[in-house]
Amino acid sequence: MDKAKQGRVIVIAGPSGVGKGTVIGALKALRDFRVSVSHTTRGIRPSEADGVSYHFVTREQFRALVDEGLMLETTCYQGNYYGTSRTAVEDALALGQDVVLDIEVEGARNVRRAFPDAIEFFLLPPSMEALERRLRGRNSGEDEQTIQGRLAQARVEIACAPEFDYIVVNDVAQQAAADISGCLCALACRAEERAPLAERVLAGETITL
Ligand code: 5GP
């Protein structure tokens, strides 16, 4: 298979409320990829659907998935468990598709260990005020204590931004998605990646990417 056609693991991390889901939605208009649907033990929000936003499971079900070795990475965030299943990622890669993971910082670290070639983005809010507005505005039904917990966790996560490959500011989601797409394109066009194509063109082939 062409190196250019190998699937890549793409991590989109960033504090809760920064708009990862919206940016991933906007990225869909620009590129073809799969989104890994995580498992979580947190309660379902009115705007969410089981199997689409997350696979919503009980703590016992989550524990069983971990014990069976089916999870690639897991984390406990604000008292709830979240995790990426191995098959969600490996099935996409086996088909040569890119797979996008919407996860928090600890998960991003664990994915980096499992997939050193993963490309990791950190989404930064334009300001702490904007992040708080977004957290409060998303109608999650969460109480004040939960929102304060998410804001405190956001400060910890934002301090970790420099360990990522790229930092993208999410002011307008379409622009953030365009920035991510541009970074991915630049990576794929590196001479190191594309050098074999030069040989193939010289050998008379027509290249389709
Ligand atoms: P939320 O409750 O707002 O949907 O998610 C809380 C945080 O957990 C977000 O930062 C989200 O990106 C992260 N998250 C969602 N799924 C996973 C996962 O499978 N693994 C990890 N490590 N974090 C996740």
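Just so you know, ligand 1 is whichever comes first in the structure, and atom 1 is the first atom listed for that ligand.
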From the options E73, E106, E157, select the one whose nearest heavy atom is closest to atom 20 (N) of ligand 1.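 It is E73 whose heavy atom sits nearest to atom 20 (N) of ligand 1.
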For atom 22 (N) of ligand 1, which candidate among R42, K20, E104 holds the nearest heavy atom?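 Ranked by closest heavy atom to atom 22 (N) of ligand 1, first place is E104.
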Just distances here: any N/O of [X] and N/O of ligand 1 closer than 3.5 Å?
X: E48; value: no
X: R150; value: yes
X: Y82; value: yes
X: G83; value: yes

Per-atom contacts of ligand 1 with [X], taking only distances under 4.0 Å to non-hydrogen atoms:
X: T75; answer: 21 (C), 22 (N), 23 (N)
X: D102; answer: 11 (C), 12 (O), 14 (N), 15 (C), 16 (N), 17 (C), 24 (C)
X: Y54; answer: 1 (P), 4 (O), 5 (O), 15 (C), 16 (N)
X: S16; answer: 3 (O)
X: G107; answer: 22 (N)

Does the side chain of [Y] come within less than 4.5 Å of [X]'s, by heavy atoms?
X: V105; Y: F122; answer: yes
X: L184; Y: I10; answer: yes
X: R109; Y: C160; answer: yes

Kindly give the heavy-atom pair with the smallest separation between [X] and [Y], and that separation in Å.
X: D102; Y: S38; answer: O-OG, 4.5 Å
X: H39; Y: F62; answer: O-CE1, 3.8 Å
X: A188; Y: R8; answer: CB-NH1, 3.9 Å

In the protein, what heavy atom is nearest to atom 24 (C) of ligand 1, and what distance, to one decimal place, separates them?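 It is I103 CA, 3.6 Å.
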Would you mind checking which non-hydrogen protein atom is closest to atom 16 (N) of ligand 1, with the distance to 0.1 Å?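 Protein heavy atom with the smallest distance to atom 16 (N) of ligand 1: S38 OG, 3.1 Å.
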Would you check if there is a donor-acceptor pair between the side chains of [Y] and [X] at a distance under 3.5 Å?
X: D171; Y: Q175; answer: no
X: T41; Y: R59; answer: no
X: E106; Y: T75; answer: no

What part of R109, side chain from CB on, backbone N/CA/C/O, both or neither, has a heavy atom under 4.0 Å from ligand 1?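 Neither; nothing of R109 gets under 4.0 Å from ligand 1.
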Y82/C76 under side chain to side chain contact (heavy atoms under 4.5 Å, CB included): CA gap, chis, key distance, verdict: CA-CA 6 Å; Y82 296 80; C76 184; over 6 Å; no
Do any heavy atoms of Q153 fall under 4.0 Å from ligand 1?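 It does not, in that no heavy atom of Q153 comes within the 4.0 Å cut-off of ligand 1.
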